[in-house]
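Here is the structure we will look at.
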Amino acid sequence: MNVFSKERLLASNDIFTLTESLNPEILADRLAALAEIGKTEEGGVTRYVYTEEEADAKKLFRSWMENAGLKVREDAVGNMYGRLEGKEPELPALLTGSHLDTVPNGGAFDGSLGCVSSLMAIEAIIQEHGQLRRALELVVFVDEEGARFGSGLFGSRAAMGEVSKEDLFQLRDENGVTAAEAMKRQGYAPNKLKKCVYPKEEIYAFLELHIEQGKSLEQQQQNIGIVNGIAGPSWLEVIFEGETDHAGNTPMDMRSDAAAGAADLVLSIENIPREISSTAVATVGKLQLFPNGSNVIAGKAEMTVDVRDIDEEVRDNMLIEIKREAERIAEKRDLKTETKIQIKIPPVPVPKWIQQYAQQAAEKLNLSYNNLPSGAGHDAMIAGKHVASGLIFVPSYKGKSHSPEEFTSLKDCFNGVLALKEILENIGSEEG
């Protein structure tokens, strides 16, 4: 299994568009240094929120920001900000960043690349311009993955005012420790949650660079992905009820098999998104049969369908079609069916003007690009509900992510830094 190493990253350093203010080897050094914090035996990284591993990663990253001359602060939940003041301090700031926490045995790029890229882009801007018209502020959000407490995008939700004090006492890890208790152990203040909210009027826009976590850019040989929208997930619970019978003594034409009905729907769900939209996706990732015996015809099947698209109307039309298909299958197979929406989160479109800045940057740098949706949630999705937000992708090797095999070549990483710097320069210098 190919896993991350600094040697492997440097070996992917072939041809670069070099600048005086940016060095790809520094990018490799920083990614490698972060990958050592929480490194697992399998070559991955485990770095949960409010642990010593996360604290060490943030301490290291803070030192880099301070050495760059940024004014660093942390809020009451642990979100970390590094600010480069603008020539016109009264203007709303341009924010950029990502997260440093990981899933269990995750990769070295998810989150970390976005943070390091933002820092290097700002360092280059300082070297070349000193400062821009508006302030640049690098943000490292805590607990994007939700791996410890089961509630992802926590830091960005806190910054946007979407977390309540009650949430901090209800969220618990596998050892029963509440989020509030874990925060206190790391020196944070759950009772000062309101002070974490970043005033929306003080944010001009938020930009995040991330690995794609998919195969599109690599297969299409594109350098950059310009995200046009972040898909809003909806979970649809579907239940089929039939009759539990003996697998040996019940003829095939006398069965009311809930498992067969579920199988029909799984196969139908493969085709429904294709018939509706090129950006739509639907997935059955959870399926349970009852009584779940090898020699028993299933009397009940429960499944969860994850349905996503960047267009809310398209996503909701898919939900309708899947419900209709479940009812059709139930009637054909003499089953009862029930459907229920578990979650329904609106998609977040990326403003056209941010996409245009990204396109101009790619064209100026002679980087090939593609416009594509993000099926995964990111901190930009939370910020995008409140302020203008953009998301830039770089290719993922074989689409691998959330595993030790997660990898992006140094050239692709560096291209991302160059593009992000160009976008920050242009937006940060514009009038208004």
Please determine if [X] and [Y] form a salt bridge, counting it only when a charged side-chain N lies under 4.0 Å from a carboxylate O.
X: D75; Y: K192; value: no
X: E36; Y: K39; value: yes
X: E137; Y: R83; value: yes
X: E202; Y: K200; value: no
X: D101; Y: R47; value: no
X: K421; Y: E128; value: yes
X: E74; Y: K58; value: yes
X: E162; Y: K385; value: yes
X: E218; Y: K215; value: no

field: Residues Y198, Y81; criterion ring-ring contact (aromatic ring centres under 6.0 Å, His included); working and verdict
entry: CA-CA 11 Å; Y198 203 122; Y81 298 86; 5.7 Å; yes
Trace of the side-chain hydrogen bond (donor to acceptor under 3.5 Å, both in side chains) decision for T283 with R308: CA-CA 9 Å; T283 307; R308 305 186 186 213; over 6 Å; no
query: Who passes side-chain contact (heavy atoms from CB on, under 4.5 Å) against E321, sequence neighbours left out?
result: I272, I276, R324
field: Y50 six-ring face occupied by R185 cation (under 6.0 Å, within 45°)
entry: no
field: Within-4.5 Å side-chain heavy-atom neighbours: E53 and T46
entry: no
query: Mind checking what makes salt bridge (Lys or Arg N to Asp or Glu O under 4.0 Å) contact with K398, not counting sequence neighbours?
result: none
message: More than 12 heavy atoms of other residues, nucleotides or ligands under 6.0 Å from CD of E41: yes or no?
response: no
message: Please determine whether the number of non-hydrogen atoms from other residues, nucleotides or ligands lying under 6.0 Å from atom NZ of K59 exceeds 12.
response: no
query: How close do S268 and I329 get, heavy atom to heavy atom, and via which atoms?
result: OG-CD1, 4.3 Å
statement: So OG of S396 and CD of Q213: to nearest 0.5 Å the spacing works out to 6.5 Å
field: Donor-acceptor under 3.5 Å (S118 side chain, L138 main chain)
entry: no
Heavy-atom donor-acceptor pair, T102 side chain to G106 backbone, under 3.5 Å: no
query: Tell me, which pairs form a salt bridge (Lys or Arg N to Asp or Glu O under 4.0 Å) where one or both residues lie in residues 222-234, sequence neighbours left out?
result: none
task: Go through the steps for F4 and F109 under the test ring-ring contact (aromatic ring centres under 6.0 Å, His included), then give the verdict.
output: CA-CA 9 Å; F4 174 84; F109 298 84; 5.5 Å; yes
Residue that, paired with N370, satisfies side-chain hydrogen bond (donor to acceptor under 3.5 Å, both in side chains) out of Q222, Q220, Q221: Q220
